[in-house]
Amino acid sequence: MSGVEATSTEPLQVKEDQEFDVEAEDHLGDDYVVDPTRYMFYRDRKEWADLEPVRQDDGPNPVVKIAYSEKFSDVYDYFRALLKNDEKSERAFALTADAIELNAANYTVWHYRRVLLQALSKDLREEMRYITAIIEEQPKNYQVWHHRRMVVEWLNDPSEELEFIADILSQDAKNYHAWQHRQWVIQEYKLWDDELEFVENLLEEDVRNNSAWNQRHFVISHTTGFSDAAIVEREIQYCLNQIKKAPHNESAWNYLKGMLQDRGMSSQPGLLERVLELKETHCSPYLLAFLFDCYEDALENSVQRENAEEDERKETLKKALEICELLAQEKDTIRKEYWQFLGRSLKNRFVTDFSQSKGFSSRAV
Amino acid sequence: VKLLIFSLRTFTKKSTKIDSLLLDKHGDYIAAYGSKKDDYEYTLSEYLRMSGIYWGLTVMDLMSQLPRMNRQEIIDFIKACQHDCGGISASIGHDPHLLYTLSAVQILCLYDSVDALDVDRVVEYVKGLQQEDGSFAGDKWGEIDTRFSFCAVATLALLGKMDTINVDKAVEFVLSCMNFDGGFGCRPGSESHAGQIYCCTGFLSLTGQLHQLNADLLGWWLCERQLPSGGLNGRPEKLPDVCYSWWVLASLKIIGRIHWIDKAKLRMFILACQDEETGGFADRPGDMVDPFHTLFGVAGLSLLGDEQIKAVNPVLCMPEDVLQRIGLQPDLLS
């Protein structure tokens with residue numbers, strides 16, 4: 001459980017036959033070798049001569065002898081010296097930028113930079129430009145986003161945020177950090193107005209973007225809500241349209257189910273028929289699972305109604321169980337256990353019911 | 001010069017499909033980690049060193065190879081990382097954080113040396129991070145995330161001090177992060193994500209609130225993570241990764257629905273993520289290995305019932321025998 005999750009939670013879209021030049025990233029010294037005027041080690045800078053660099057300390061008896069790259073150890077030796085002296089100066093502030101460039105995940109450097117931002121009353125607009133550039137380079141890192149949030153809070157100015165986040169999302173539309181930041185900005189500063197349109201544009205580009213579907217739910221639940229029948233109908237229509245474009249879409253079906261499950265699938269007139277129609281041309285395991293939920297909901301409701309047609313109930317149960325069989329044996333065999341469990345639970349709940357009405361023993365099948 | 005964090009580097013490797021568990025190679029990999037030539041990678045990960053040690057030690061213990069690690073040096077290192085506020089940092093000279101406080105306590109439990117810390121101060125530190133709405137910040141800078149709710153209660157549960165925080169409020173916050181699909185994100189409204197779900201189900205287990213979950217709904221979302229390759233992803237339409245094999249699997253185990261995934265296919269995927277030359281596991285077959293994925297690959301195999309590996313606790317990702325010694329048995333649904 002740590003910061004490295006920032007990279008692990010965002011698996012790359014790796015193509016099987018793509019190769020990367022690993023060597024390119026390791027030669028930090030190349031800048032220095034190629035153009036000696038561009039970078040000078042801190043240990044060679046006259047204006048830093050008063051500071052005693054602090055070497056890396058891995059503990060009382062270091063487990064390993066570590067050979068760092070020269071630039072890295074130079075910068076961090078001086079960073080540690082600054083920390084030790086609790087120095088709050090312009091040169092310290094400048095050094096944090098070097099330290100961040102070498103390792104943007106080091107949260108202690110970011111902390112220190114924030115302390116300096118406040119102690120030196122630095123220009124926060126300039127800091128916004130800085131953090132913008134850093135995030136563009138390294139968008140999958142907790143620290144950079146948290147830093148940006150702090151600066152936005154200090155400035156109390158969210159005016160750049162939506163456009164900035166949209167730009168980051170245009171590079172990776174599922175960046176988890178970017179979405180969290182977006183949700184925070186929208187909620188904190190009440191920037192709901194154009195968000196549904198933004199979500200729809202993203203779904204136009206990639207209808208399988210689960211983050212966008214989540215955002216859709218987020219926007220609607222915080223604005224109009226889902227209790228208005230017109231809204232629900234609109235959303236159902238939207239889902240079904242997207243499903244027609246891409247039937248194997250877990251997110252669309254999750255969204256539909258998530259929206260309806262509290263009020264009940266069978267509460268929507270005509271929905272079952274529309275889904276059955278879709279089944280002919282745009283079937284998927286998700287559609288079948290949704291159908292099952294509809295039948296299950298219908299059975300639950302029929303238990304309440306005293307004058308429910310028993311034949312109709314038996315027919316619904318049969319159809320539901322057939323779906324479980326189809327999924328377990330053919331359409332979604334990897335989740336066989338789950339589909340069989342669903343079938344068993346359904347039988348246990350409703351076959352007893354029918355048996356009782358016929359005067360048989362009430363033991364579950 | 002653009003800098004990529006080491007775990008983003010990938011390159012192809014032609015290898016035959018690996019179908020057996022290479023425990024000795026993994027032990028060698030972890031035992032040597034940090035002294036191998038690629039020191040730059042080790043340096044870059046200094047900011048999470050405490051967690052790195054927890055991953056390494058835990059996987060070694062699960063493979064019954066813990067004695068190969070240097071116990072005293074590590075305990076001394078941890079002592080040097082506890083700050084005055086009670087919190088523990090990832091490494092010497094770094095700032096304290098809940099993530100590394102938990103890792104440190106987990107390590108000391110493995111070594112039965114919790115007294116190396118000032119426990120009361122650790123508890124004060126954790127308690128001080130709880131917010132008014134019940135959530136937990138990761139450190140004094142205030143980032144809120146359900147990961148930190150988990151870190152807080154796990155730390156306190158291991159120390160036997162859960163009653164020092166407002167558990168009801170903490171539960172209230174975590175439940176407010178439950179989404180329409182039954183899953184959890186990092187804050188209310190955040191997209192459901194397997195890593196966050198693991199933290200929240202673990203949290204609810206430790207606080208005795210698993211009954212608040214919709215286990216069937218969440219179980220379905222979790223088993224939907226399994227792809228045709230047998231591997232598990234972290235959210236819909238993403239690639240599989242061995243670490244999700246832990247977070248998804250452990251969550252399913254906690255809610256009593258681990259049988260809903262195809263175990264044989266998952267095992268095959270996890271085994272294929274091994275590197276037979278270097279030892280260790282990568283996020284997916286052919287990529288570079290690291291200790292993080294090595295722990296979660298081995299822990300996942302343990303949950304799947306591999307008898308060459310010690311039993312792992314799905315809530316705390318620690319060997320069951322360690323928790324038995326402490327007397328901590330978090331709830332699981334059946």
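Chain naming here is simple, since letters A, B, ... match the order of the sequence lines and numbering starts at 1 in each.
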Between B:W141 and A:H146, is the gap from one ring center to the other below 6.0 Å?
no
For the pair B:H94 and A:Y107, name the ring-plane relationship: parallel under 30°, tilted 30 to 60°, perpendicular over 60°.
tilted
Structural part of A:Q261 lying under 4.5 Å from a heavy atom of chain B
side chain
Considering only heavy atoms, which portion of A:Y112 lies under 4.5 Å from any heavy atom of chain B: side chain, backbone, both, or neither?
neither
Which portion of A:F79 sits near chain B, non-hydrogen atoms under 4.5 angstrom:
neither
Start with the C-alpha gap between B:D181 and A:H217, add the side-chain angles, then the distance that decides, and say whether side chain to side chain donor-acceptor pair (under 3.5 Å) holds.
CA-CA 11 Å; B:D181 49 20; A:H217 192 274; over 6 Å; no
When rounded to the nearest 0.5 Å, the distance separating CG of B:L99 from OH of A:Y142 is 8.5 Å
Do we get A:K257 above B:W220's six-membered ring, with its NZ or CZ under 6.0 Å from the centre and within 45° of the axis?
yes
At their closest point, which heavy atom of B:G189 faces which heavy atom of A:N214, and how far apart are they?
O-ND2, 3.0 Å
Residue set satisfying side chain to side chain donor-acceptor pair (under 3.5 Å) with B:R187, at least two apart, ordered chain then number -> none
Please round to the nearest 0.5 Å and tell me the distance separating atom OG1 of A:T108 and atom OH of B:Y47.
12.0 Å
Sort A:R114 into side chain, backbone, both or neither according to what part of it lies under 4.5 angstrom from a heavy atom of chain B.
both
For A:D206, is it the side chain, the backbone, both or neither that has a heavy atom under 4.5 Å from a heavy atom of chain B?
neither
Rounded distance (nearest 0.5 Å) linking atom CD of B:E191 with atom CD of A:Q180
7.5 Å
What part of B:A264 lies closer than 4.5 angstrom to a heavy atom of chain A: side chain, backbone, both or neither?
neither
For A:N106 and B:E46, what are the C-alpha separation, side-chain angles and deciding distance, and is it a side chain to side chain donor-acceptor pair (under 3.5 Å)?
CA-CA 8 Å; A:N106 189 317; B:E46 184 189 292; 5.1 Å; no
May I ask you to name which of B:D139, B:I261, B:N233 has the most heavy-atom pairs under 4.5 Å with chain A?
B:D139
Using a strict cut-off of less than 4.0 Å between a Lys/Arg side-chain nitrogen and an Asp/Glu carboxylate oxygen, indicate whether B:R225 and A:E250 qualify as a salt bridge.
yes
Non-hydrogen atoms of chain B under 4.5 Å away: do they reach the side chain of A:V115, the backbone, both or neither?
both
Interface moiety of A:H248 toward chain B, non-hydrogen atoms closer than 4.5 Å
backbone
Side chain, backbone, both or neither: which part of A:L83 has a heavy atom under 4.5 Å from chain B?
side chain
Are the charged groups of B:E224 and A:R335 less than 4.0 angstrom apart, N to O?
yes
Distance (rounded to the nearest 0.5 Å) between A:K336 NZ and B:H259 NE2:
13.0 Å
Taking side chain as everything from C-beta outward and backbone as N, CA, C, O, which of these in B:L217 sits under 4.5 Å from a heavy atom of chain A? Side chain, backbone, both or neither.
side chain
So which atom in B:R235 and which in A:S211 form the shortest heavy-atom distance, rounded to 0.1 Å?
NH1-OG, 3.1 Å
Smallest heavy-atom separation, B:Q196 atom then A:Y176 atom, equals CG-OH, 3.8 Å
Side chain, backbone, both or neither of A:W184 within contact of chain B (heavy atoms, under 4.5 Å)
neither
If you compare all heavy atoms of B:P188 against all heavy atoms of A:Q183, which two are closest, and at what distance to 0.1 Å?
O-OE1, 4.1 Å
